[in-house]
Student: 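First the structure, then my questions, so here it is.
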Amino acid sequence: MTPRSPEVIYYVACSLDGFIATPDGGVEWLAAVEVEGEDYGYAAFFDSVDGLLMGRATFEQALAFGPWPYGDKPCWVWTHRRIDAKPAPVIATREAPVGVVAQAAGRGLRRLWLVGGGQVAGEFRRHALISRHVFSIVPMVLGGGVPLFAGGGGREQLTLEDTRGFPSGLVQLTYARGPARTGASG
């Protein structure tokens, strides 16, 4: 019996104009919505996932914030360079997203958090592997930077599942993969 493919959730904060970081990869602009006692559902979401997926820049940024913040959950990191002194659950990979999702399924994982960045998210989107998108839209226009999705890919219809607004101005939108793709690469 083939293991069931895990759900892949792209859970990410972005600016109003669709960027997840400044051109140099900075995320200091997210401080505008940091409110004591408000995690925008992050803790519950994190508890619901079995593994993580991210690019090298996102991995390095997570390490720069201090101790590894993701515990012992398996974490695949796409990179072409060796990772020195990586936390135990980190798996460096160059494999296609489909292969990594199959590895996760083989481990019995049911929900994967696609942390970012835009290159990895773009690859997952091109392969139609993202089941759900949770966009926390920060009331900020960056004017440029790292896009939510790098690269082309076809048009994709999503279905709105939930909308939540917060006093900070952040709006969280949850979308499920909708009907089949309707266009060719863009």
Side-chain angles (χ1 to χ4, degrees), residues 3-14 18-21 25-27 30 33-34 39-138 145-151 153 158 161-162 170 172-177:
R4 186 177 140 218
S5 189
E7 178 182 26
V8 175
I9 303 107
Y10 187 25
Y11 181 96
V12 65
C14 65
F19 297 103
I20 60 175
V27 293
L30 293 172
V33 292
E34 288 178 2
D39 77 348
Y40 303 105
Y42 172 79
F45 172 75
F46 183 74
D47 289 346
S48 79
V49 298
D50 305 311
L52 297 92
L53 310 160
M54 66 180 70
R56 176 70 183 244
T58 302
F59 168 74
E60 288 177 352
Q61 191 163 63
L63 288 178
F65 291 137
W68 183 244
Y70 304 119
D72 61 356
K73 295 183 183 193
C75 176
W76 284 266
V77 175
W78 274 264
T79 183
H80 294 287
R81 299 183 323 254
R82 191 179 118 152
I83 298 177
D84 295 320
K86 66 182 181 191
V90 171
I91 304 150
T93 188
R94 293 180 188 173
E95 192 166 341
V98 172
V100 170
V101 170
Q103 286 177 29
R107 290 176 172 225
L109 304 182
R110 296 184 343 228
R111 286 175 54 95
L112 301 173
W113 174 16
L114 175 54
V115 183
Q119 291 285 348
V120 172
E123 281 298 309
F124 271 79
R125 191 178 91 70
R126 274 190 290 288
H127 292 283
L129 292 171
I130 302 173
S131 314
R132 182 163 281 106
H133 302 75
V134 180
F135 300 128
S136 293
I137 301 173
V138 177
V146 178
L148 272 167
F149 300 100
L158 303 176
E161 291 185 328
D162 190 38
L170 183 141
Q172 196 170 73
L173 304 171
T174 302
Y175 292 95
R177 186 173 21 209

Student: Can you name the nearest heavy-atom pair linking Trp78 to Pro97, along with the distance?
Tutor: CZ2-CA, 4.1 Å
Student: Within the structure provided, determine whether Asp50 and Pro6 are in side-chain contact (heavy-atom separation under 4.5 Å).
Tutor: no
Student: For the atom pair OG1 (Thr93) and NE2 (His80), what is the distance rounded to the nearest 0.5 Å?
Tutor: 10.0 Å
Student: Checking side-chain contact (heavy atoms from CB on, under 4.5 Å) against Ile137, which of Val33, Val12, Leu173, Leu170 comes through?
Tutor: Leu173
Student: Restricting to ring-ring contact (aromatic ring centres under 6.0 Å, His included), what partner residues turn up for Phe19, sequence neighbours left out?
Tutor: none
Student: Can you confirm whether more than 12 heavy atoms, excluding those of Arg111, are under 6.0 Å from its CZ atom?
Tutor: yes
Student: Just by modelled atom types, is the Gln172 backbone N or O under 3.5 Å from a matching donor or acceptor in the Ser136 side chain?
Tutor: no
Student: Looking at every non-hydrogen atom in both residues, tell me the closest pair between Gly116 and Thr58 and how far apart they are.
Tutor: C-OG1, 3.3 Å
Student: Taking Tyr10 as the fixed residue, which of Phe149, Trp113, Phe45 is the one that meets the ring pair (Phe, Tyr, Trp, His ring centres under 6.0 Å) rule?
Tutor: Phe149
Student: With side chains defined as the heavy atoms from C-beta onward, is the minimum distance between Leu129 and Ser5 less than 4.5 Å?
Tutor: no
Student: Would you give the length of the straight line joining atom CG of Leu112 to atom CZ of Phe124, rounded to the nearest 0.5 angstrom?
Tutor: 7.5 Å
Student: So, for Pro69 and Phe46, which heavy atoms are closest and what is the spacing to 0.1 Å?
Tutor: O-CZ, 4.4 Å
Student: If I take atom CG from residue Leu30 and atom CD1 from residue Ile20, how far apart are they, to the nearest 0.5 angstrom?
Tutor: 10.0 Å
Student: Is there a donor-acceptor contact under 3.5 Å from the side chain of Arg56 to the main chain of Thr79?
Tutor: no
Student: Quick test of your reading: applying salt bridge (Lys or Arg N to Asp or Glu O under 4.0 Å), list the pairs with at least one residue in residues 86-104, sequence neighbours left out, ordered by first then second residue.
Tutor: none
Student: Distance from Leu158 atom CG to Thr174 atom OG1, nearest 0.5 Å?
Tutor: 11.5 Å
Student: Please check if the side chain of Gln119 supplies one atom and the backbone of Gly55 the other of a donor-acceptor pair under 3.5 Å.
Tutor: no
Student: Do you know which two heavy atoms are closest between Ile130 and Ala121, and how far apart they sit?
Tutor: CD1-O, 3.9 Å
Student: Would you give the length of the straight line joining atom NE2 of His127 to atom CZ of Arg125, rounded to the nearest 0.5 angstrom?
Tutor: 11.5 Å
Student: Please evaluate residues Gln103 and Trp76 with respect to the criterion side-chain hydrogen bond (donor to acceptor under 3.5 Å, both in side chains), reporting the C-alpha separation (whole Å), side-chain torsions for both, the decisive distance (0.1 Å), and the verdict.
Tutor: CA-CA 10 Å; Gln103 286 177 29; Trp76 284 266; 2.9 Å; yes
Student: Would you say the ring centers of Trp68 and Phe59 fall short of 6.0 Å from each other?
Tutor: yes
Student: Atom CG in Leu52, atom OH in Tyr11: separation rounded to 0.5 Å?
Tutor: 12.5 Å
Student: Indicate yes or no: at least one non-hydrogen side-chain atom of Met54 is less than 4.5 angstrom from one of Val120.
Tutor: no
Student: For Asp47, I'd like to know if atom CG has over 12 heavy atoms of other residues, nucleotides or ligands within 6.0 Å.
Tutor: yes
